[in-house]
Amino acid sequence: MVDLKSHLNSSQYQAVTTTDKPVLVIAGAGSGKTRVIEYRTLHLVQQGINPQSILLLTFTRKAAAAMLSRAAAHDPKCEQIDGGTFHSFAFKILKRYGKTIGLENNFTILDSADSNELIGSVMGKLGYLDLKKRFPKKETLKGIISKSINKQTAIKNILEREYPQFEEFNQEITNLRQAYTKAKLEASYVDYDDLLVYLKILLENPEMRQRLASQYQHIMVDEYQDTNKLQGDIAYYLAESHGNIMAVGDDAQSIYGFRGATHQNIMEFPVRFPNCQVIKLEENYRSTQLILDLGNVVLDSMKDKYEKKLAAANKQSGLKPEIVTFKNPYDEATWLAQTIKMMRDNGIDLGKQAVLFRSAFISIPLQSELSKLGIPFQVYGGVKFYETAHVKDLVAYLKIVQNFTDELSWIRILKLIENIGPKTAEKIVASLQNCINLNQVIQTLDDEFGSDFSYSQGIKRLLKLLSKLDSDGLALGDIFNFCFDYYKPLLKKHFDDWHLRLSDLETLQDIAASYESLDSFLSDLALEPPERGVAQVDGTYDEEKPLTLSTIHSAKGLEWDSVFLIGMIEGVLPSRFALNFADQIEEEHRLFYVAVTRAKRQLYLTMHHEGGQGGLYQFNRVSRFLEDRRILEKLEQNMVELSKPKNKRVKLVSDDFEEIDTKDKKTLFEKINESWRM
DNA sequence: GCCAGCGGCGTTTTT
DNA sequence: CGCCGCTGGC
Ligand SMILES: Nc1ncnc2c1ncn2[C@@H]1O[C@H](COP(=O)(O)OP(=O)(O)OP(=O)(O)O)[C@@H](O)[C@H]1O
């Protein structure tokens, strides 16, 4: 038996051991909410609860895996607990019970690019592509439709609040949503939102609800402030009958409003579960007091806050957070890379440091600098590996093996053949309508398009691949290799930088190798996409965990000794897209709060004045979040100017840095040592 | 109908 | 700078 009290403070202990009623834990950053969930699963299992009757819903599957493996270190049975995201849970349930609501179980998951594509095609069919006036683009339409679903409200309400310029198209967009839904059902496509919608529909059936509630006797939901209405409903349905639910969250860390999340779920929890116990955690175990002092001021300046203050459990105060401003992005990158390297050489491993940013593009100069210096790093967030064109191309072949009726994939595959464009691809796919298996597809393609056309040679080559694929009992590895071999020449033809892309595909090959089945590989690719590999370099850092570069969104729930929050620029944080909406600026403000509270011991904020990563030149202003005097009081202020960059296009060599900054480096060095002595 | 080449424009966040 | 959409030759 683990002695819970030696790992938990008294409020945490109470949260962990209250298992006979609904519990809501609401507390600030770093107060040990995640730890509560971790020990509560352990406690339940040690009480004799069947681990398979515990459901742990988290924000990423990685977060669930981390918690469960820590709990399993105390009791291996915890490995058997069911954990993952709402989406992956929905996927699992729908694979199993989807038939009861009329969903085929070989459904294909549409990632966001796929769904945009399908929306485009539906738009075409409805004749909305050539409307005279300014009709929204398909990406925008997907956003509007998605938000109306996640908020469970009419299109009209979304338009009124967020897209007033498109209000006149309410009728068309509503039609489009209906046609899109129908198109998906006909093709057994399920997009991300559908996973939640269908699960909710499934749960509306009392019999299914009862069945799942008895299978999952204990529900735990992390990051509850970032769930949306659908997810809130799902959690409610699962727990309604037995009331064994714990939700934990922090309204000040709600950063997924753009996806329909609302802290209302937290507020309504006590209404939905009237006998619930609300527990607050007051102490912060993560950060030094000086970092929390800044965090508290950020918290204070939020418009609709719920009273909360962060107090450090650790009384050593550490280093004052620092704002460092630069003339241009290259100076900033040089300084960052040097400082990170220096900290690493002074005992803070790369794995204990992170660079955080609002948007991935702001980290590009730093990425080249790190590569130049041979510092290994891993990037989280930003453009997804699996959404790049070449990966999507290759995956399209795999998808038609899994589900040969997947028209979007057929069109993609066909368009890769020389002399086949959108029209011809549509025509060919239309002729395949009545095929009932892959073999018939092969026949039809051969009969109707295998000769006489400018593209027939390409079709013949595709047919060879398809015949190889049309055979039972192929291993995933074989399928992958057949497709890969077929695709390689096309890759070289379509992309100038094919060698870079080829190595991505080799990475994909490695990932695929770790899967048993095509089905699980494809669903994971969509539901829990793999990160791009570590940017590898020479042997200096072998065995050392790489530096983390991450969007603030992807850094949620995590912590590092040193955190560099870069791009503290008006228009970046807060994002320029948020500037016209007060509630969205508030969300940016919460992002700032989340970023600041990731740091355990050292926090640096940076920005550069000269914009112009190519494109427009402009003078960047410091983020409005730093203009507040109370904030500035909590920050050390510094301006670093590197020597003689006559032409900002000229890359700075590290010599420049060595020359001018020795003084600064010494003081930094001293500061670091000071902080370790604290 | 396909596709290469040119010019204008604009850089979110995620399952 | 890089992506997207448009144009015009094939
Ligand atoms: N009772 C405790 N004693 C010592 N350390 C603790 C205690 N509770 C939590 N911690 C440590 O504090 C840090 C933050 O905890 P945790 O990640 O659980 O906080 P959180 O509330 O989930 O934070 P966030 O809201 O930022 O996700 C972790 O390093 C954790 O190990």
Side-chain angles (χ1 to χ4, degrees), chain A residues 57-63 84-91 109-115 129 137-140 142-143 146-147 149-150 190-197 199 223 226-228 230-231 254-261 329 356-365 380-384 386-389 414-427 453-455 458 493-494 496-497 523-529 531 550-556 567 569 571-579 584 587-588 590-591 594-595 611-618 649:
Chain A
L57 294 169
T58 55
F59 212 72
T60 64
R61 202 180 297 180
K62 222 168 62 199
T85 60
F86 275 90
H87 290 88
S88 67
F89 174 65
F91 175 76
I109 297 184
L110 292 183
D111 65 34
S112 40
D114 296 332
S115 22
L129 277 180
K137 289 196 303 231
K138 54 181 190 288
E139 291 79 13
T140 315
K142 177 74 208 321
S146 180
K147 206 166 230 179
I149 291 167
N150 282 297
V190 171
D191 70 17
Y192 293 123
D193 301 332
D194 292 334
L195 286 167
L196 303 180
V197 171
L199 177 58
E223 310 281 10
D226 283 322
T227 56
N228 61 36
L230 271 170
Q231 292 166 317
S254 167
I255 54 176
Y256 279 86
F258 68 91
R259 171 174 122 172
L356 305 183
F357 33 82
R358 175 62 175 83
S359 329
F361 76 92
I362 209 85
S363 72
I364 288 169
Y380 297 87
V383 183
K384 304 272 174 339
Y386 78 110
E387 288 197 347
T388 53
L414 290 167
K415 281 202 294 193
L416 285 166
I417 294 174
E418 184 142 44
N419 293 322
I420 297 183
K423 294 285 177 191
T424 310
E426 289 280 0
K427 187 181 80 186
F453 297 99
S454 59
Y455 48 79
K493 191 172 83 77
H494 279 91
D496 292 340
D497 58 348
S523 60
D524 270 18
L525 214 51
L527 292 177
E528 192 71 7
E531 311 297 339
S550 174
T551 58
I552 301 171
H553 285 92
S554 297
K556 175 196 218 350
I569 294 169
V572 175
L573 182 67
S575 158
R576 62 194 195 80
F577 296 104
L579 301 182
Q584 291 184 29
E587 181 150 315
E588 300 290 311
R590 293 191 292 271
L591 270 166
V594 170
Q613 298 257 25
L616 317 147
Y617 287 97
Q618 54 169 11
R649 297 256 158 220

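Here is the naming used below: chain letters follow the sequence lines, and residue numbers restart at 1 for every chain.
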Practice prompt. Look at the side chain of R576(A) and decide which nucleotide, out of dG1(B), dG10(B), dC3(B), has an atom nearest to it.
Written response: dG10(B)

Worksheet item: Do the charged groups of D226(A) and K556(A) touch, with an N to O distance under 4.0 Å?
Response: yes

Discussion item. I'd like to know if the side chain of E528(A) pairs up with that of T85(A) as donor and acceptor (distance under 3.5 Å, no hydrogens or angles considered).
Written reply: no

Fill in: S575(A) side chain vs F577(A) backbone, donor-acceptor pair below 3.5 Å
yes

Item to complete: In whole angstrom, give the distance that lies between atom CD of Q618(A) and atom C1' of dT11(B).
Response: 11 Å

Practice prompt. Determine, for E139(A) against K142(A), whether the closest basic-nitrogen to carboxylate-oxygen distance falls under 4.0 angstrom.
Written response: no

N/O-N/O pairs, protein side and nucleotides 13-15 of chain B side, under 3.5 Å:
| unit_1 | atom_1 | unit_2 | atom_2 | d |
| --- | --- | --- | --- | --- |
| dT13(B) | OP1 | A360(A) | N | 3.0 |
| dT13(B) | O4' | R358(A) | NH1 | 3.0 |
| dT13(B) | O2 | R358(A) | NH2 | 3.1 |
| dT14(B) | OP1 | T551(A) | OG1 | 3.1 |
| dT14(B) | OP1 | S554(A) | OG | 3.0 |
| dT15(B) | O4' | R259(A) | NH1 | 3.3 |
| dT15(B) | O3' | H87(A) | ND1 | 3.4 |

Worksheet item: Contact class for I420(A) (heavy atom, under 4.0 Å): base, sugar-phosphate, or nothing?
Response: sugar-phosphate

Fill in: Atom-pair distance (CD on E139(A); P on dT12(B)), nearest Å
12 Å

Item to complete: May I have the distance from R590(A) (atom CZ) to dT12(B) (atom P), rounded to whole angstrom?
Response: 21 Å

Worksheet item: Rounded to the Å, how far apart are I569(A) CD1 and dT12(B) P?
Response: 14 Å

Worksheet item: If you measure from the C1' atom in dT12(B) to the same atom in dG5(C), how many Å do you get, rounded?
Response: 22 Å

Worksheet item: Can you check the D496(A) CG to dC3(C) P distance for me, whole Å?
Response: 11 Å

Discussion item. Quick one, K147(A) with R259(A), criterion side chain to side chain contact (heavy atoms under 4.5 Å, CB included). Give me CA distance, side-chain angles, the key distance, then yes/no.
Written reply: CA-CA 6 Å; K147(A) 206 166 230 179; R259(A) 171 174 122 172; over 6 Å; no

Worksheet item: Taking atom P of dC3(B) as reference, at what distance in whole Å does atom CD of E418(A) sit?
Response: 6 Å

Discussion item. Taking the C1' atom in each of dT13(B) and dC4(C), what is the distance between them to the nearest angstrom?
Written reply: 22 Å

Worksheet item: Which residues pass the salt bridge (charged side-chain N to carboxylate O under 4.0 Å, His left out) test with D191(A), sequence neighbours left out?
Response: K184(A)

Item to complete: List for me each residue that meets ring-ring contact (aromatic ring centres under 6.0 Å, His included) alongside F89(A), sequence neighbours excluded, and say none if there are none.
Response: Y216(A)

Fill in: Spacing between L414(A) atom CG and dC2(B) atom C1', to the nearest angstrom
15 Å

Worksheet entry | Atom-pair distance (CG on N419(A); P on dG1(B)), nearest Å | 14 Å

